[in-house]
Structures are given as structure tokens and as C-alpha cells.
Asker: 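Once you've had a glance at the structure underneath, I'll fire off some questions.
Predicted model only: the values in this text are computed from it and were never measured.
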There are 2 protein chains.
Amino acid sequence: MENSLQARPDLTKNQSLVMGALAQANAPLSAYTILDQLRDHGFRAPLQVYRALDKLVEFGLVHRLECLNAFVACRHPECEAQEIIAFTICEACGQVGEISDDSLARRIKKVAKETGFQSKKSTVELRGICQACHAI
Amino acid sequence: MENSLQARPDLTKNQSLVMGALAQANAPLSAYTILDQLRDHGFRAPLQVYRALDKLVEFGLVHRLECLNAFVACRHPECEAQEIIAFTICEACGQVGEISDDSLARRIKKVAKETGFQSKKSTVELRGICQACHAI
DNA sequence: GCAATTATGTAATTGTATAACGTATATCAA
DNA sequence: TTGATATACGTTATACAATTACATAATTGC
């Protein structure tokens, strides 16, 4: 457990089910929505979902969107490498995009450092209208 | 109501009480913590707090921290001018700092625009250790 | 005064997340 | 093979966060 950047471990049954639900949806899902979708597979309680989500987030396979209290499957197969990811959340269609821009990451780090702050974890979430919806 | 950038209106009794609780604390407070602190002043239900908070956030006097489900009094008397504010949240002492850096704001806007995303509202929250706590 | 708007009070409910149990399963060293 | 440890799982209850619905006051503008 010395490195949080582990090769993707085999998922347990519950983790696979939750991952599957998120991968199929192309929008974020709340824990309780996932629970409802998995009742047929034997899920009965929120904790089953939350425990799986905790692990999936730890593995870097799932992201948590703070401003929605919801979760999305990661789009970048290798996104664990990215330290700072910005999420774009479309308020029309609900789709979430991931932006990992080095210059943005560097600037955030720099701005924080200027005030003496040592950043461990960042949340960058933009809400607005995506390109596709704006074209309509 | 044509301009959200209004001169600070007089606060109502409930709004003043909630604002006072937040101003006195030098860390974010949850709505329910505020409720408990104001029970002596006649507060009985969460909605009284949430309604006041909604207005205070609208006035730009209070910020909501998504990753904490909590609220802080704004430090910048004139921060309404800032479009994008980054918050630094110290995991040791709980203090919250506000960073309004133009270059950061511009870069976020730019990065979003490159993907065709029209950003309306942004959340930038950094968790880590503040200068004071790091010195200890 | 009267209408419209805004603020308030209260109860009930919905949504989100964790605590505290106990049990099962896998892994590994002795 | 046994026992120790760690991890995963199942269930219930509870805590925490936010909103819906409805009734009542207070304020504002005409």
C-alpha cells in the first residue's frame, strides 16, 4: 500500500457492479440512483454503494462531483497521472467533461503557493452550457 | 432586479443573525451548526437558516463551500467584482482563504472556451495545509 | 386602503452519508 | 493446517443536508 498509484486491481463484485452502472450512464449518478439501479443485483443498502465508490475513487476510476453530490466514471484511461482536473458540467444535458490542462494546474499550484498554502487535493468544477447544447 | 450586483441591501433580522454567526466564526459553519447557535434567538427550523443563507450568498456576503457543505463569510468587502474565486481550506485548522487571481480566472475561462464550454459559475476549492499550520 | 411582493414560522419529507454492529472471505506466516 | 490479520460484505439505525408544502406576517408601491 506504499503507492496510491497502483495498477488497477481486480474489482470485487460490488465494485464491478457500481463501476458498470457508472460506465453505462453518460452523466453523473448519485449514490442513491446507483443503489436503485442495482437492487436487482442484490443491493439493499446505501453503504454497499458508498463502500464501492470509495474504492473506485481511490483507484482513480471514478470522480466525485462535489457540487452535484454525484459520481462519474473517469473518461481518461490514464487520468491518475493528472494532479488537477477541471470538470465542465452542462446544465442543459447533464454531461460532464474532463479537462486536464497542465498550465491551469501549474497556475493553481503557483497561486496557492504564493499565499503559502500547500495544496493536497483540488476541486475545480465549472457549470454552464456545453458546445453541443449551445448549438441547439 | 436587473442587476445582481446590487448595493448591499439592509439585512432582515434572520439574515443579520445568520451573518453575525458566520462573521464571528473564523471557519466555515454548516447550516445546522448555525441553527443550533441561533436557537436562543428563536430559530427553530433549518429552513430559516437556508433562506437567510440563500439571500446572503446572492448578496455576495457569504460563500458556499461545496466540498464541505458549509458556508463562510466573505473576507473581501468588494469581492462581488470577482468572477472566479479560489478557496484554500486548511485541513488542520479549518481556516478558509480566498484567492482572486485574474490570471487564474482568465486561464480557467480560456481552457473552458477551448472545448466550447460556456462557463456560468465556477467552483475552485483547494484542500491542504495553510502557511501557519505548516510552520508548526 | 389595497394589491403585490417579500419575509417568516412550522411540519413533514426527501436526499445524502456514516456509525456500529456482525459475518464472511482471502492472504500469509508459523 | 492453524491462527492472525486484513479486507470485503450485509444489515440496521442514525446523523446530517436540503427542500416541499402550506399558512401567516410584514413591507412596498400605487
Side-chain angles (χ1 to χ4, degrees), chain A residues 1-4 6-22 25 27-59 61-72 94 123 125 127, chain B residues 1-2 4 6-22 25 27-59 61-72 94 123 125:
Chain A
M1 206 189 304
E2 65 289 346
N3 193 345
S4 70
Q6 49 217 106
R8 178 213 283 216
D10 289 337
L11 300 182
T12 67
K13 184 176 153 238
N14 283 4
Q15 288 161 15
S16 296
L17 286 166
V18 170
M19 190 67 214
L22 284 170
L29 299 180
S30 78
Y32 279 71
T33 302
I34 296 172
L35 173 59
D36 284 338
Q37 290 191 9
L38 294 181
R39 284 198 192 278
D40 294 342
H41 295 272
F43 273 53
R44 320 280 322 260
L47 204 47
Q48 294 172 290
V49 179
Y50 281 109
R51 285 202 272 232
L53 285 171
D54 281 350
K55 285 296 175 188
L56 293 171
V57 168
E58 187 185 321
F59 299 155
L61 298 173
V62 166
H63 298 297
R64 166 147 210 232
L65 298 173
E66 303 287 352
C67 73
L68 297 182
N69 291 332
F71 301 82
V72 279
T123 300
E125 297 173 2
R127 303 182 65 152
Chain B
M1 207 189 302
E2 65 291 346
S4 70
Q6 49 218 109
R8 177 213 284 217
D10 289 337
L11 300 182
T12 67
K13 185 178 154 236
N14 283 4
Q15 288 161 16
S16 295
L17 286 166
V18 170
M19 190 67 215
L22 284 170
L29 299 180
S30 77
Y32 279 70
T33 302
I34 295 172
L35 173 59
D36 285 338
Q37 289 190 9
L38 295 181
R39 284 197 193 278
D40 295 342
H41 295 272
F43 274 53
R44 320 279 323 259
L47 199 50
Q48 294 173 290
V49 179
Y50 282 109
R51 284 203 274 231
L53 285 171
D54 281 350
K55 284 296 175 188
L56 293 171
V57 168
E58 187 185 322
F59 298 155
L61 299 173
V62 166
H63 299 297
R64 164 144 214 243
L65 297 173
E66 303 287 351
C67 73
L68 296 182
N69 291 331
F71 302 81
V72 280
T123 300
E125 297 173 2

Asker: Closest nucleotide of DNA chain C for B:Lys13 versus for B:Pro46: which of these residues is on the 5' side?
Answerer: B:Lys13
Asker: Heavy atoms only: give me the nearest B:Ala70-B:Pro28 pair and the separation to one decimal.
Answerer: CB-CB, 3.8 Å
Asker: Is A:Ser30 near enough to C:dT16 that one of its side-chain N or O atoms lies under 4.0 angstrom from OP1 or OP2?
Answerer: yes
Asker: Nearest whole angstrom, please: distance from the P of D:dT27 to the CG of B:Leu11.
Answerer: 15 Å
Asker: Rounded to whole angstroms, how far apart are CG on A:Asn14 and P on D:dT7?
Answerer: 17 Å
Asker: Quantified as the angle between the terminal helix axes (five pairs each), what is the overall bend of the helix from C:dG1-D:dC30 to C:dA30-D:dT1 to 10 degrees?
Answerer: 30°
Asker: Round to the nearest Å and state the distance from B:Leu68 atom CG to C:dT16 atom P.
Answerer: 18 Å
Asker: Do B:Lys55 and B:Val18 have side-chain heavy atoms sitting under 4.5 Å apart?
Answerer: no
Asker: Can you measure B:Tyr50 atom OH to C:dT13 atom P for me and round it to whole angstrom units?
Answerer: 19 Å
Asker: N/O contacts under 3.5 Å, protein versus nucleotides 19-25 of chain C?
Answerer:
none

Asker: Looking only at the side chain of A:Thr12 (C-beta and beyond, no hydrogens), which of the listed nucleotides D:dT19, C:dT8, D:dA8 gets closest?
Answerer: D:dA8
Asker: Figure out the CG/P separation between B:Leu56 and C:dA7, and round it to whole Å.
Answerer: 11 Å
Asker: Think B:Gln48 has a side-chain N or O under 4.0 angstrom from the OP1 or OP2 of C:dG9?
Answerer: yes
Asker: Do side-chain atoms of B:Glu125 reach the backbone of B:Cys67 as a donor and acceptor pair under 3.5 angstrom?
Answerer: yes
Asker: Side chain to side chain contact (heavy atoms under 4.5 Å, CB included) between A:Leu38 and A:Arg44: does it pass, once the steps are laid out?
Answerer: CA-CA 8 Å; A:Leu38 294 181; A:Arg44 320 280 322 260; over 6 Å; no
Asker: Any side-chain N or O of B:Asn69 under 4.0 Å from OP1/OP2 of C:dT16?
Answerer: no
Asker: Taking A:Gln15 for its side chain and A:Thr12 for its backbone only, find out whether a donor-acceptor pair lies under 3.5 Å.
Answerer: yes
Asker: Side chains of A:Phe71 and A:Leu22: does their closest heavy-atom pair fall under 4.5 Å?
Answerer: yes
Asker: Expressed as a whole number of angstroms, how long is the span from A:Gln15:CD to D:dA8:C1'?
Answerer: 8 Å
Asker: Looking at B:Asp54 and B:Arg51, is any side-chain nitrogen of the basic one under 4.0 Å from a carboxylate oxygen of the acidic one?
Answerer: no
Asker: Is the shortest heavy-atom distance from the side chain of A:Leu61 to the side chain of A:Leu11 under 4.5 Å?
Answerer: yes
Asker: At less than 4.0 Å, is any side-chain N or O atom of B:Lys55 found next to OP1 or OP2 of C:dA7? Yes or no.
Answerer: yes
Asker: Just how far, in rounded Å, is P of D:dC16 from CG of B:Leu53?
Answerer: 18 Å
Asker: To the nearest Å, give me how far apart CD (A:Glu66) and P (C:dT16) are.
Answerer: 14 Å
Asker: Of all the heavy-atom pairs spanning B:Leu53 and B:Ala31, show the shortest one and how long it is.
Answerer: CD1-CB, 4.1 Å
